[in-house]
Structure formats: structure tokens, C-alpha cells
Colleague: 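First, the structure itself, so that you have it in front of you.
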Amino acid sequence: MAKDEERRASASNAVQQGLSNEDDEAYLARLGYKQELRRNFRMIEVFGIAFSIMGLLPSIASTLAYSLPAGPVGMVWGWFVASAFIFVIGLAMADLGSAMPTSGGLYWWTHFFASPRTRNPLSFLVGYSNTLGLVGGLCSIDYGFSLMFLSVVVIARDGNWAPSDGVVYAVFLACIVCHGILASCFANYMGRLQTVFVVANFLLITITIIALPIGRASQRNDGHFIFATTANLTEWPTGWTFMLAWLSPIWTIGAFDSCVHMSEEASNAARAVPYGILMSIGSCWLFGFISLIVIAACMSPDVSAILDSPFGQPMAQIYYDALGKRGALALMTLLFVVQFFMGLSLLVASSRQSWAFSRDGALPFSRFFRPVSKTFGYIPLRAVWGCTVLGAVLGLLCLIAPAAAQALFSLAVAGNYVAWGVPILCRVVWGQAKFKPGPFYTGDRLSTPIAWLAILFIAFGILLCMFPVGGPDPNKDTMNYTVVINCAVWGGSLLYYYVDARKWFTGPKITLDTEDLTEVQEQVLRDEGLEIDGIAPVSRAQTKEEESSDDGKKAADV
């Protein structure tokens, strides 16, 4: 009796420390993990971290070079159609995120659903692809920040100065180091800061859709230009150029898995994660469509002039044409500030994925990156700085060539799309019988067709981001190096697994201590069949016997 009371007192330790509530801790225990991070994020803040990483208008500005060559039709309708398919991916992931909310969700789900022969290598592949994809996304966001920041300097000098690659990298490096410092020192406020970041995003969108039409009051384009005018400024056929315009929404709406990585810091995670995913995608789908209609209505009809802007950013030229020098300076400043917030939020999300992967011993130096810092507010401090340093190293691609720098954009897409697609595929191929829905579920009739449609679009998205944007005969300066970088990531991780990691990587590890479990949590683990020392899993026969006994009691009561 005394021992049971001691165990219950120990089990409530995480609750007393303010890390979580009993329901969230029990949900995490079902997956085999103990509560180690503080749950600072409410549902709106889980949505906020995904939406702020997407950074709608800054991301649109950073990727206009992909959508503008297809003209207004590619820019406007390409966004709408691609966003609809991305929402389907979100639905498939929301089903999984609600059922099994853990920070390492993508590779955890893969290991859970895959066949016995494939679960370890596939889980290993997904973990590395997701980790490096997130860090690649961080690099691309901070690289975009550098170009936006420097475009303000160029505008201020009336286009009479051009930054060198070294200057671009110096700004990039300063940005990513600042993100590391802020993510370390303001951990306890990061959830509340997401609300600030969301407000800043919507403020920028509102100002843009009001200011541009006023500035171009006498020169606005008509509906035919916005919705029916095509262009082809590439060497690809017009139809494929329209498809390449989808790269803009594919890259922009590409951080919703951050909701999954914040699972162990979210209150009521089984609901907060799926709704955060769908709310962030839906918001970008709607407000991106509205923003692009306004941009198409207010931009110069000379698309080539916008793409070849002396300011180095097409959006800077659009602002300049509509609002003049001062207006462009003001809005581009707000644009790069919001882009800065994007990078900070993504560093937080990528560090949680890296920490979860090191918790399971899969990353090099996992023992070093594994500890959680209580001094800095129960955060994976070493993982934060590990992602910061890796991002700074990958950012050296900026110094090689513009084509190599652009590969950072596609690294984020291809790496994360593989990480999203594999667990969804494993579920429908091998693990459908294992799937136990959470509070959010698309239903027995829709869930599987949604998953297959998501898989098909993911495969198409990976293929799309491998193509050279300019045309079918690229040179060394226009080549898309995504295929080189991602094949190195995927091939290298699989080679590492089969040469060495297969000897010790057995998938996600159980971190629970049986002395820290309540009787309710023990029962949950028995029902799940997890094999933990000191807890005997319930056999199927035993379960059937208990169900039969319950049915007998009910019959007797009647």
C-alpha cells in the first residue's frame, strides 16, 4: 500500500512541476514515453507555430520566381489547386496526429505501421529525411530573409548597389545565430509569441491587400488578366510551366508537420495537433488565394520586368511600382521582420524533431543532444544549437552558386514530403488493422481514400521539385541540384543504417520508468501490449475473457 502511494506521488511529479496535465501524460505514456517537456502550447498556439512558419506573404514573395513565369493564371489558380491537394495531405496526417501525438511522430508512426522487415530501415530513413528537411527549410527561410533584408538596402540606394554572395551569407549567419539565442532564452514565452507572430502575419496581409489597390488605383488589371491570362517564360511547355507554379504553394504550405513535433508541448495534444494542421493549411489556402488575386490585379503587366527587378526581389518591385520608394521600404521591412519570425518558429520545431530522434538514439552524438535543460525552461537546448550549427553549415551553399542556394528550397520540400508520405503509405499498406482513431478522425469510409490521394500527390510533389525550373536543357548555373542533395540524404541514411545502425537501432525506445506510473497508466500500457519490465501486457485471450465476463455481468443485471 505504501509503495502504491509512493508510485502515485512520483507519477504526479510531472504534473506538479507544471510539465503537463494527467490526461496528456497518460496519452504520452500509451506511446511509451514519459513527460519531459513543459506543455506551454494551447491549440491556438500550435496552429500559430505552423502558420507563422509558413509565413504566408513572405513565402509568397520568396517564391514568386516559381509562379510568375506561368503568368497570373499560374500564380492564382496554381495556388488554389495545389493548396487543395496539400489540404488532403493535412487530413491524412491529422488522422495520425490525433491518434498518436508524439514529437517524433513521423518516424514513430512509420515504425508502428510498417511490416516487421521494413520498420527499422524505413523509420530510420523517415527520421533523417524529416530532420534534414526541416533544417533545410530553416536555411531556405533565413536565406530568403537575407535577400529581403538586403533588397531594402538596394531600394534605399535606388538600385545602385548589389550584395555579393559573401554579404548574403553574413546576413544569413547573423540571422540563424539570433534565432538560436532567442529559441534558447525565451522558451517559456515561445507559445505566447506565436500569437504575436500570427498577428504580425495577418497585419502584413491586411496592409498589402489594402495598400496595393490604393496605390495602383488608376492602373489596376482587369478580371481577364487576373484569372485567364497565361504566360510561359520558361523553355518548358505551357502546361508544365503551370505545374511548376505549384512549387510556390508546395514550399509555402510545408510546415504543418511542426504541429506534430510540438505534440509533447501541447495541451490536449490529441485535438490540438490535428486542428493546428488543418487550420494552418486552410488559412494559407484562403488568404494566399486572396493575396495573390490582389497582387495579380496590382502588378505591372510586364512580368519579365518584375522577375528581372534590379532590387533582386519581384515583390519589392511590385511594392515599388504601387507605393513608391517609401512605401516599398516600409512594407519590405515588415516583410523581412515576419520572415525572421518564420525562421525562429521553424528552429523550435526542427529542434524538437532532432531531440526526439536523438532520444531514440538514432542521431550521431545522441547522448550529447538527448538531455533536456531545466535551467532554460525544460527545452532541448543542445538540439536547438545542433540545428543552428547544421543550418549554418548547409547555408554555405549560398556561396557556391544561386542554383545551389535554390536547392535549399527543394531540400525542404523533397525531404519533408518523403517523411510525410512513408508513414501514410505504411498505414494503408501494412498497418490498417493497427490503426486506432483519436478524437479527430475523417471516418472509416473516407480515411483510406484520403490517404491514397495524399500519397499520389506527395509522389508528384517530389518529382516536381526535382525539375530544373528554366527548361529541359540546364547548364551548371541553372541545374536543379535537389536530386543530388536529396539522394545523398536518402542514400546516405540507408547506407548508414545497413552498414552500422542496423546493429543497434531498433526503433523508438521506451523511456517510461515503471516506478513513475499510476495504476491507470499501467492499465493503458497493458491494453496497448507494450512490453516494459514490470508490466505484463494483456494477451488477446485474456482480453476476450474479460470482455466475456463483462457481457455476462451485463446480462445478469438485465
Side-chain angles (χ1 to χ4, degrees), residues 11-53 90-106 108-109 112 187-198 255-283 345 348-349 352-353 355-356 359 372 377-380 423 435-443 447 511-512 516-518 520-521 523-525 527-528:
S12 64
N13 188 43
V15 178
Q16 291 173 354
Q17 290 178 332
L19 298 185
S20 70
N21 59 42
E22 292 181 359
D23 291 338
D24 283 319
E25 191 183 1
Y27 233 113
L28 191 58
R30 194 185 74 179
L31 305 179
Y33 294 122
K34 65 180 178 181
Q35 185 70 46
E36 297 183 71
L37 306 178
R38 177 170 283 129
R39 293 187 181 268
N40 291 320
F41 288 75
R42 297 171 297 167
M43 183 184 295
I44 189 65
E45 292 162 349
V46 173
F47 152 76
I49 195 165
F51 187 75
S52 63
I53 291 173
L91 285 170
M93 193 174 293
D95 278 345
L96 295 174
S98 180
M100 293 167 283
T102 177
S103 293
L106 302 177
W108 198 100
W109 304 336
F112 182 78
N188 291 333
Y189 306 99
M190 200 55 64
R192 284 174 244 173
L193 284 174
Q194 300 311 313
T195 304
V196 177
F197 298 167
V198 169
F256 49 87
D257 64 311
S258 59
C259 298
V260 177
H261 302 311
M262 302 310 296
S263 295
E264 294 176 39
E265 294 174 77
S267 299
N268 195 10
R271 295 184 182 276
V273 170
Y275 287 111
I277 291 171
L278 298 179
M279 287 165 60
S280 58
I281 298 174
S283 297
S345 296
V348 172
R352 273 46 174 187
Q353 157 62 21
W355 170 76
R359 175 175 60 183
V372 171
Y378 290 91
I379 64 167
F435 180 66
K436 185 183 295 183
F440 176 91
Y441 183 43
T442 52
S447 182
T511 64
L512 286 171
D516 290 342
L517 297 177
T518 63
V520 173
Q521 289 173 336
Q523 185 60 47
V524 169
L525 294 176
D527 294 342
E528 291 295 315

Colleague: What residues form a side chain to side chain donor-acceptor pair (under 3.5 Å) with Thr442, not counting sequence neighbours?
Modeller: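 By the side chain to side chain donor-acceptor pair (under 3.5 Å) rule, Thr442 matches Asp95.
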Colleague: Which atom pair, heavy atoms only, marks the closest approach of Ala349 to Ile53?
Modeller: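 Shortest heavy-atom separation between Ala349 and Ile53 comes out as CB-CD1, 4.1 Å.
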Colleague: Closest heavy-atom contact between Cys259 and Ala50?
Modeller: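 Where Cys259 meets Ala50 most closely, the heavy atoms are SG-CB, 3.6 Å.
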Colleague: Which pair of heavy atoms, one from Val46 and one from Ala272, lies closest together, and at what distance?
Modeller: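 Closest pair (atom of Val46, atom of Ala272, distance): CG1-O, 3.7 Å.
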Colleague: List in chain and number order the residues that pass side chain to side chain donor-acceptor pair (under 3.5 Å) with Ser345, two or more places apart in sequence or in another chain; answer none if no residue qualifies.
Modeller: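 Scan of Ser345 (side chain to side chain donor-acceptor pair (under 3.5 Å), adjacent residues dropped) gives Ser52, Gln194.
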Colleague: When rounded to the nearest 0.5 angstrom, what is the spacing between CD1 in Ile277 and CG in Leu96?
Modeller: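 These two atoms lie 9.0 Å from each other.
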Colleague: Quick check: closest heavy atoms across Met100 and Trp109, and the distance to 0.1 Å?
Modeller: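 Scanning both residues, the minimum pair turns out to be O-NE1, 3.0 Å.
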Colleague: What residues, two or more places apart in sequence or in another chain, satisfy ring-ring contact (aromatic ring centres under 6.0 Å, His included) together with Phe51?
Modeller: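 Applying ring-ring contact (aromatic ring centres under 6.0 Å, His included) to Phe51 gives Phe47, Phe202.
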Colleague: Start with the C-alpha gap between Glu45 and Val198, add the side-chain angles, then the distance that decides, and say whether side chain to side chain contact (heavy atoms under 4.5 Å, CB included) holds.
Modeller: CA-CA 9 Å; Glu45 292 162 349; Val198 169; over 6 Å; no
Colleague: Apply side-chain contact (heavy atoms from CB on, under 4.5 Å) to Ser263 and list each qualifying residue two or more places apart in sequence or on a separate chain.
Modeller: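 Checked Ser263 against side-chain contact (heavy atoms from CB on, under 4.5 Å); matches are Pro101, Val260, Val273.
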Colleague: When you measure from the side chain of Ser98 to the backbone of Arg271, do you find a donor-acceptor pair of N or O atoms at a distance under 3.5 Å?
Modeller: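 No; zero donor-acceptor contacts below 3.5 Å.
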Colleague: State whether the number of non-hydrogen atoms from other residues, nucleotides or ligands found under 6.0 Å of Tyr275 atom OH is greater than 12.
Modeller: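 Not more than 12 within 6.0 Å, no.
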Colleague: Minimum heavy-atom separation for Tyr441 and Gly438, please, with both atom names.
Modeller: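 Smallest heavy-atom distance, with atoms named: CB-O, 4.2 Å.
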